[in-house]
Amino acid sequence: MVVSAAMSDGKKQQGNQGKQDGGKGGGAAPQTAIVPTRADNYAEWYQQVVKAADLAENSPVRGCMVIKPWGYALWENIQRVLDGAFKDTGHVNAYFPLFIPVSFLEKEAAHVEGFAKECAVVTHHRLELKDGKLIPTGELEEPLVVRPTSETIIGEMFAKWVQSYRDLPLLINQWANVVRWEMRTRLFLRTTEFLWQEGHTAHSTAQEAVEETMQMLRVYADFARNWMAMPVVCGEKTAGERFPGAVQTFCIEAMMQDRKALQAGTSHFLGQNFAKASEIRFLDEKGVLEHAWTTSWGVSTRLVGGMIMTHADDDGMVCPPRLAPTHIVILPVTHKEEDRERVLAYCKQLQKDLRSQEFAGGKLRVEIDNRDLRGGDKVWQWIKKGVPIRLEIGPRDMDKDSVFVGRRDKGPKEKSTILRTEFIGGAAAMLQEMQDALYARALAFQASNTKIIDSKEEFYAYFTPPASKDPNAPTPIHGGFALTHFCGDRELEAKIKDDLSVTVRCIPLDGEGDAAPYDTTPGTCPFTGKPSAKRVVWAKSY
RNA sequence: CGGGGCGUAGCGCAGUCUGGUAGCGCACCUGGUUUGGGACCAGGGUGUCGGAGGUUCAAAUCCUCUCGCCCCGACCA
């Protein structure tokens, strides 16, 4: 019986986790590369996956992470695909300042209220050495905030750029970092600084702006489904969950494996609120001075967290193939010195052949891992990173002109031999098959954890966690999405949030849900007995 | 920002109650034996014990203050 190094590490880490017995005498618990498992402690599992997959780590700066190459490559792939989609829909990129004068934020009342509490503020522009310490000096006349979002500064510029209806629409996107001084941070899901894109558009009519809002929501939903293999519910936020300053906020919501909801993208119809705040005005065809109608929409590095929590398993990350930084890793088996050169040559040729294959709008991304490490060690590293396909190539495979294939959607030991030419020709299809299977699995998970609930009692029972002796223990996985009628009363929503930490994730749009049997017919709110236009999605959220 | 837990070698931890020259495992390096698989044996390097004050002949250990991380809330992409 082999007890692996990582496993014994894990046991030491957990110590009191209880159930492992070291595997002596058979009947051992299945060995997992990640300890604890999702079921044992979901929050801790998440952090261990981020670490094991080498996606990111905490930095010396509070709440700020270092995104490591493997994690950043995922983000780059997200960027590349979305950037293409933005351009396909007529948008162009630009860049606006990191700093925003405090007075700009004051212009929109709801906006101030929403963001004032979480702004980093720059008040000085110089340091002076005093007794060996650097002291800020040179106080600014007007403090600058580090952008938490750029509506105000972009609005200021839009006001200069727009005079006539002929200047509209203005369709701008920016890839940037923003800072929100959150109380509690988690890698990728909520960090003080995060990377995102923010689209900002201005239109001459409300209708056009609304259409833009919906178009971008659909771009996000398509991206989540087709690229991240992450099913989402599209819907509108309630007033309580709306973006500060927006008239309407729309979102895509995904279900994580702990059955909590993750808001994965938002698209806002801002009406004329920001146009009025920033004086974005234009003369229409009739010569009447009007305020423009604006939108904003964004997704962030949180998507990487969403990908982890949608697909990763107890052996680590599982990259959706279409966004995987590397599709296929080749692991040369070169035990005997005399074989080394010819095995490497075979691998290089194989890499070259594979790299000429098309997948997901580009070439296959294929790497050779020729590091001087033990084979099993390397295999597990790549499993934990979630690379979709591993090829182990040694003299025996060469003799048969075949490749030894391990797939991330199968067990670590479940590998098969495939003829080299057959594999090369079928690799793209295999990846797409894995992509589709990931989506199907996530969709089935979402569907099976989405419940139609029509009584208050059932609703409360659904979302009440099993009793625990330890008040500081992680909350056990429970609940999911509830489809329940809702009269729309804000105080009721607040009360439910207070009681259960459950909120309306969205009011689903007709025909836009991936999994749920959306009943869009009117009914009765089970909490108040008042009429309800349709069922809404309730869930705990990140 | 409230409640709880934790900061000791690259990582994970013991040592703290009861002050007395800083330890273990893994990782790392070297040599050897192995090897279609997260190996084994031997040898080796590694720390101002999160930081700053204080008490003391003596502080990882006691006291005060701070910073950071994790969990449970509140807040949020």
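In what follows, every chain begins at residue 1, and chains take the letters A, B, ... in the order their sequences are listed.
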Taking atom [atom1] in both [N] and [M], compute the distance separating them and give it to the nearest angstrom.
| N | M | atom1 | result |
| --- | --- | --- | --- |
| B:G7 | B:G51 | C1' | 11 Å |
| B:C13 | B:A58 | P | 33 Å |
| B:A27 | B:G38 | C1' | 14 Å |
| B:U21 | B:G15 | C1' | 15 Å |
| B:A14 | B:A60 | C1' | 12 Å |

Only pairs with both distances under 3.5 Å count, Watson-Crick or wobble alike; so what is the partner of [N] in this structure?
| N | result |
| --- | --- |
| B:U48 | none |
| B:C40 | B:G32 |
| B:C6 | B:G68 |
| B:C24 | B:G12 |

Interatomic distance, [X] [atom1] vs [N] [atom2] [rounded to whole Å]:
| X | N | atom1 | atom2 | result |
| --- | --- | --- | --- | --- |
| A:Y42 | B:C70 | OH | C1' | 17 Å |
| A:D377 | B:C26 | CG | C1' | 12 Å |
| A:F243 | B:C75 | CZ | P | 18 Å |
| A:R340 | B:U35 | CZ | C1' | 13 Å |
| A:K497 | B:A74 | NZ | C1' | 8 Å |
| A:N58 | B:C11 | CG | P | 12 Å |
| A:D339 | B:G37 | CG | C1' | 16 Å |
| A:K413 | B:G38 | NZ | P | 7 Å |

Looking at the side chain of [X], which of [options] is the nearest nucleotide?
| X | options | value |
| --- | --- | --- |
| A:F194 | B:A77, B:G36, B:G37 | B:A77 |
| A:A43 | B:C71, B:G36, B:A77 | B:C71 |
| A:S300 | B:G36, B:A77, B:C1 | B:A77 |
| A:E118 | B:G36, B:C71, B:C76 | B:C76 |
| A:E182 | B:C76, B:A74, B:G36 | B:C76 |
| A:R374 | B:C11, B:C76, B:A39 | B:A39 |

Open item on the list: Can a side-chain donor-acceptor contact be found between A:S150 and A:E198 if the only test is distance below 3.5 angstrom?
Closed with: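 The criterion, which ignores hydrogens and geometry beyond distance, is satisfied for A:S150 and A:E198.
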Open item on the list: Checking A:T249 against A:H268: is there a side-chain donor and acceptor pair closer than 3.5 Å?
Closed with: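 Yes - a donor-acceptor pair under 3.5 Å links their side chains.
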Open item on the list: Salt bridge check, A:E182 against A:K117: does any charged N sit closer than 4.0 Å to a carboxylate O?
Closed with: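 No, no charged N to carboxylate O under 4.0 Å.
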TODO: Write down the atom of A:T149, the atom of A:V178, and the distance for their closest heavy-atom approach.
DONE: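 Reported closest heavy-atom pair: N-CG1, 4.1 Å.
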Open item on the list: Any donor-acceptor pair, under 3.5 Å, between the side chain of A:D397 and the base of B:G36, if you only look at N and O atoms?
Closed with: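 Pair found.
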Open item on the list: Distance to the ring centre below 6.0 angstrom and angle to the axis at most 45 degrees; does that hold for A:K415 and A:F404?
Closed with: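 Checked: cation-pi criterion not met.
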- [ ] Name the orientation class of the two ring planes belonging to A:F223 and A:W227 (parallel below 30°, tilted from 30 to 60°, perpendicular beyond 60°).
- [x]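 Ring orientation of A:F223 relative to A:W227: parallel.
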Task: Which residue lies more 5' along RNA chain B, comparing A:A264 with A:L373 via nearest heavy atoms - done: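 Counting from the 5' end, the first nearest nucleotide belongs to A:L373.
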